Amino acid sequence: MSVTKNRNRFLQSHEVFPIASVTILAVIIIGCLVCDIFIPYDPTRMMLDQISQPPSGAHIFGTDTLGRDLFSVIWHGGRISITVGLLATLISTVIAVIYGTAAGLAGKKVDDLLMRFTEILLSIPQILMVIFIQAIWGDATVLSISVVIGITGWMAVAKMVRSEVKQLRNAGFVLAARTMGAGFFYILRKHLMPNFMSAIMFMIVTNIGSAIAMEATLSFMGLGLPTDIISWGSLMSLSQRAMLTGAWWILLIPGVFLVVTLICITDIGEYMRNRNRKDRLM
């Protein structure tokens, strides 16, 4: 009886839809997409006579160390950061789904080999792999950063996909498809993905935030996008010089946008994870 009560209490405590997070995230995304309508300045325009100006009536967020209007730059730069997050997550999800499904459908020896390789990669900090691969790649671009983050961030999702596939591999519809000679990708697309995508969706959403944070981290370290490619990360790369001059707004305001976006994405991902757990308990 107590187990049932505890389960019901758990289910009720995680039913609240994160309206605030969804609303704030939607405002940020839509604002970044349509920012050309309301930003007062060209985000690439450098006003050399107004470098590192504090917030004022002319520049409500102030200007950065290059003389660009910070309000315009933040909304415009959000496009690149969100693009990196989405593209990197798409790449990592594709790799994870294919790799995890292959491991889940394979025999024990192949499965063990694939999982040992995955665990070895998981033992290496992602930031080190990203730095190493990006150094080999060369100059950082939106595409290169997205690809590097994507190919180094698929392991955790792959392990979960593999776990889901192992539970589905002996289902009647999967066995029937394999008996009839259906190919790997046909079984994956028609029979497996519809059944496990909801279980991994929270990880996919969370990975978007992780990719955005990784791009910002690389730029802060001077290894990410150059300052002429406007993103929240490239703005953060100006913060070290800005803090030496006391220009706190150059670090604080882009940082607030970045942190709020990551918190909203994380909150939505947590809701989806708890929702999936609730469905399993039901």
Side-chain angles (χ1 to χ4, degrees), residues 25 29 77-104 111 113-165 188 192-193 196-225 229 231-234 236-237 258-259 261-273 276:
L25 186 61
I29 292 175
R79 295 178 178 177
I80 298 298
S81 294
I82 293 171
T83 297
V84 170
L86 292 174
L87 184 56
T89 302
L90 175 62
I91 294 170
S92 64
T93 301
V94 170
I95 297 173
V97 168
I98 295 175
Y99 190 96
T101 302
D111 179 33
L113 180 62
L114 293 176
M115 285 302 100
R116 295 297 82 76
F117 176 69
T118 302
E119 289 168 2
I120 290 172
L121 293 181
L122 280 172
S123 68
I124 305 173
Q126 185 182 3
I127 185 68
L128 295 182
M129 291 192 290
V130 169
I131 292 173
F132 177 72
I133 298 174
Q134 184 59 56
I136 296 175
W137 189 299
D139 295 337
T141 63
V142 174
L143 178 61
S144 70
I145 291 289
S146 300
V147 171
V148 171
I149 295 174
I151 64 177
T152 57
W154 54 269
M155 290 78 75
V157 180
K159 290 189 69 174
M160 190 163 189
V161 170
R162 175 251 188 186
S163 177
E164 294 292 325
V165 170
L188 171 60
L192 296 177
M193 282 185 61
F196 68 63
M197 282 305 295
S198 61
I200 68 170
M201 190 55 67
F202 78 91
M203 297 188 72
I204 295 174
V205 172
T206 304
N207 279 355
I208 297 174
S210 299
I212 294 174
M214 181 64 70
E215 184 270 322
T217 301
L218 289 173
S219 295
F220 182 79
M221 296 171 62
L223 302 171
L225 297 172
I229 301 177
S231 72
W232 290 339
S234 63
M236 299 294 287
S237 68
L258 178 62
V259 169
T261 301
L262 297 181
I263 289 175
C264 290
I265 293 174
T266 302
D267 191 31
I268 294 170
E270 282 295 306
Y271 169 78
M272 297 177 72
R273 179 173 68 89
N276 179 67

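Keep in mind that what you see is a predicted model, and the values were worked out from it rather than measured. We number each residue from 1, following the sequence as shown.
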How many angstroms lie between [atom1] in [X] and [atom2] in [Y], if you round to the nearest 0.5 Å?
| X | Y | atom1 | atom2 | value |
| --- | --- | --- | --- | --- |
| Ile149 | Ile127 | CD1 | CD1 | 8.5 Å |
| Thr118 | Arg162 | OG1 | CZ | 9.0 Å |
| Thr206 | Glu270 | OG1 | CD | 6.5 Å |
| Leu25 | Ile268 | CG | CD1 | 5.0 Å |
| Ile208 | Ser92 | CD1 | OG | 9.0 Å |
| Leu258 | Ile263 | CG | CD1 | 9.5 Å |

Between [X] (side chain) and [Y] (backbone), is there a donor-acceptor pair under 3.5 Å?
| X | Y | result |
| --- | --- | --- |
| Ser144 | Ala140 | no |
| Ser234 | Ile229 | yes |
| Ser146 | Leu87 | no |

Whether the Ser123 and Glu119 side chains hold a donor-acceptor pair (N or O, under 3.5 Å, no angle test) is what I'd like checked.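 Side chains of Ser123 and Glu119: no pair found under 3.5 Å.
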Sequence neighbours left out, what pairs pass ring-ring contact (aromatic ring centres under 6.0 Å, His included) with at least one residue falling in residues 123-162?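 For residues 123-162: Tyr99-Trp154.
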Minimum-distance pair of heavy atoms, taken over all atoms of Val161 and Val97: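 Scanning both residues, the minimum pair turns out to be CG1-O, 3.9 Å.
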